[in-house]
Amino acid sequence: MKKVLTLAALVMALSACSGQQANTQAEPVNISSLGKSEITDIRAADPAPLYPKRGKSIERTFVHQPPMIPHKADYPITLKKNGCISCHSPAKAKRMKATAVDPSHMLADGKLNNEYYNCTQCHTPQAENKQQLVENDFSAQ
């Protein structure tokens, strides 16, 4: 870590001594060229996402796919607390009627392996959304 910081300090020092100065003056923006930005179209809010019924898991589409989360995943995941473990730890999962964390994610002492600490990096919430998809002009040829 010390080598990385030393290298970063050296690069910053060399760039400061290069004799080139940054242009600190920005071009003025002609506001009249931006056009009108009035909001004229008001629409209803998007419908709330529909998650699968409680106790239903989402079918996987390929081998070794991480399981999808069939509920909202807005639980806090910080260095001190992983909100997913409050229900999905092997000790609590059966009582909470939740899927237990896979043994590959656990250490021998029963704690969560830090390599798998950020659950939502691989496991994503899935819901059936009724909202209109974003239009695009991409066509598979």
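Heads up: numbering here begins at 1 and tracks the sequence.
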Looking only at non-hydrogen atoms, find the nearest pair between [X] and [Y] and report the distance.
| X | Y | answer |
| --- | --- | --- |
| Ala93 | Thr99 | CB-C, 4.1 Å |
| Cys122 | Pro66 | O-CB, 3.7 Å |
| Tyr117 | Asn82 | O-ND2, 2.7 Å |
| Ala100 | Pro90 | CB-CA, 4.1 Å |

Calculate, to the nearest 0.5 Å, the distance between atoms [atom1] and [atom2] belonging to [X] and [Y] respectively.
| X | Y | atom1 | atom2 | value |
| --- | --- | --- | --- | --- |
| Met68 | Glu59 | CE | CD | 11.5 Å |
| Ile85 | Leu112 | CD1 | CG | 4.5 Å |
| Ser89 | Lys94 | OG | NZ | 14.0 Å |

Open item on the list: Checking Met106 against Asn113 for the side chain to side chain contact (heavy atoms under 4.5 Å, CB included) test, could you report, in this order, the C-alpha distance in whole Å, the side-chain angles of both residues, the deciding distance, and whether it holds?
Closed with: CA-CA 5 Å; Met106 305 300 287; Asn113 185 342; over 6 Å; no
When the ring planes of His123 and His105 are compared, do they come out parallel, tilted or perpendicular, using 30° and 60° as the limits?
->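 Tilted.
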Distance-only, no hydrogens or angles: does the His88 side chain make a donor-acceptor pair with backbone N or O of Val101 under 3.5 Å?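 It does not hold such a pair.
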### Flag side-chain contact, heavy atom, 4.5 Å: Cys87 against Lys92
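No, side chains not in contact.
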Check your understanding: According to the side-chain hydrogen bond (donor to acceptor under 3.5 Å, both in side chains) rule, which pairs have a member within residues 62-79, sequence neighbours left out?
Key ->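 For residues 62-79, and leaving out neighbouring residues, the side-chain hydrogen bond (donor to acceptor under 3.5 Å, both in side chains) pairs sorted by first residue read Thr61-Gln65.
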